[in-house]
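Have a look at the structure below, then the notes.
Position 1 is the first residue of the sequence; numbering continues from there. In this text the structure is predicted, and so the values were computed from the model without any measurement.
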Amino acid sequence: MTLLRQVALTIDGKDVRVPEGTTILQACRARGIDTPTLCYLDTLTPVNVCRVCVVEVDGSRALVPACSRPVEPKMVVRTDSERVRHSRRLVLELLASSVDLSLASKDVHGYLERYGAVPERFGRKDGIATVTQPPAIDNALYVRDYSRCILCYKCVEACGADAQNTYAIAVAGRGFDAHISTESGRPLPESACVYCGNCIGVCPTGALMFKSEHDMRQDGSWDESRQAVTTTICPYCGVGCNLELHVQDNRIVKVTSPLDHDVSNGHLCVKGRFGFEFVQRRAGET
């Protein structure tokens, strides 16, 4: 076994030693420092687009993304300076002022509160084209609501080499016109999508959602406080992927997979993620 060389650095005034190749984010987490992230996920390649994880490094003119910057010997890092807090607050305000974050994860809402973000100072977002566009409902499995999309690229990475290798979606356009799109902008059923739903599994804002969840939210019956989550093994093949069954009123309403599972790493195929309806059919139904 080859032992990695240890790198000594300073984070928030504390001396830290971590293996060579460790990122600043990983070093911070090893020290218990809660560094916010939006576009980062342990199972995906860092793409450095959200800039919420930026930290201050002595000798660096600009703030650096902690998710992808490797540690260096004698590096001095500050994760909670006024400059860092100002930058994170501004990024969060810009995002929240231009898209609908009402269904974003608890972490995202926690970041907005922690950094005192006030999106309203950039004006009302009611008339912004991004927010006013209707959800795209063109299949029976999941809904795409780009009024909630923050362009974190997680769905693109999960559809690509990091998980599915389908490459059905990518970022199209530039500047204010940048958006997630299928190849040539064609309808999803005509694209290369295989409906694995791995894009849904990594989306942090609700821009991608199970059709079952969307419909229940529309009719007012969705209630996470009444849901139980049970972990089981996918019955469709012998790979052994873990499934998390979200059950409300004795019905499965959606299926996820734990990110830390050795087999699936949070990713599933179309059967594992969407093939749960057979459980809810009564005997004799076809």
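- Side-chain contact between L151 and V49: absent, with no pair of heavy atoms (C-beta onward) separated by less than 4.5 Å.
- A donor and an acceptor atom, one from each side chain of S68 and N48, are located under 3.5 Å apart.
- N198 and R273 form a side-chain donor-acceptor contact under 3.5 Å, judged by distance and modelled atom types alone.
- Minimum heavy-atom separation, C53 to T37: CB-CG2, 4.1 Å.
- Taking the side-chain contact (heavy atoms from CB on, under 4.5 Å) definition, one finds that A170 meets it with nothing, sequence neighbours left out.
- Using a cutoff of 4.0 Å between basic side-chain nitrogens and carboxylate oxygens, D138 and R144 are scored as salt-bridged.
- For the residue pair N242 / S264, no side-chain donor-acceptor distance below 3.5 Å is found, with atom types taken as modelled.
- A heavy-atom distance below 4.5 Å is found between the side chains of V55 and V57.
- Between E56 and S81 the shortest heavy-atom distance is OE1-OG, 2.6 Å.
- No side-chain heavy atom of Q164 sits under 4.5 Å from any side-chain heavy atom of H267.
- The 12-atom threshold is exceeded at NE2 of H179, counting heavy atoms of other residues, nucleotides or ligands nearer than 6.0 Å.
- Judged by distance alone, the side chains of T43 and N265 never bring a donor and an acceptor atom under 3.5 Å apart.
- Residues P204 and C152 are in side-chain contact: their nearest non-hydrogen atoms beyond the backbone lie under 4.5 Å apart.
- In this structure, N165 places its CG atom where more than 12 heavy-atom neighbours from other residues, nucleotides or ligands lie under 6.0 Å away.
- Between T166 and C196, the closest side-chain pair of non-hydrogen atoms is not below 4.5 Å.
- Using a 4.5 Å heavy-atom cutoff, the side chains of V253 and M216 are in contact.
- Atom CD of E113 sits in a sparse spot, with 12 or fewer heavy atoms from other residues, nucleotides or ligands closer than 6.0 Å.
- Ionic pairing of D80 and R85 is present here: one or more N-O contacts between side-chain nitrogen and carboxylate oxygen are shorter than 4.0 angstrom.
- Counting heavy atoms from C-beta outward, D58 and R78 have side chains that approach closer than 4.5 Å.
- The only member of V71, T22, I24 that meets side chain to side chain contact (heavy atoms under 4.5 Å, CB included) when paired with L9 is V71.
- Heavy atoms only, all atoms of each residue included: Y195 and P189 are closest at OH-CA, 3.3 Å.
- Using modelled atom types, one finds a donor on one side chain and an acceptor on the other under 3.5 Å when comparing E244 with T256.
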| Going through the distances and angles, do V16 and T10 end up as a side chain to side chain contact (heavy atoms under 4.5 Å, CB included)? | CA-CA 6 Å; V16 178; T10 302; over 6 Å; no
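- A side-chain donor-acceptor contact under 3.5 Å links D12 to the backbone of T79.
- Look at D107 and R114 and you find no salt bridge, because none of the NZ, NE, NH1 or NH2 atoms lies under 4.0 Å from a carboxylate O.
- Here the side chains of D215 and W222 are not in contact, with every heavy-atom distance at 4.5 Å or above.
- Panel note: side chain D223, backbone S225; a donor-acceptor pair is recorded below 3.5 Å.
- Shortest non-hydrogen contact noted between G275 and Y236 is O-OH, 2.5 Å.
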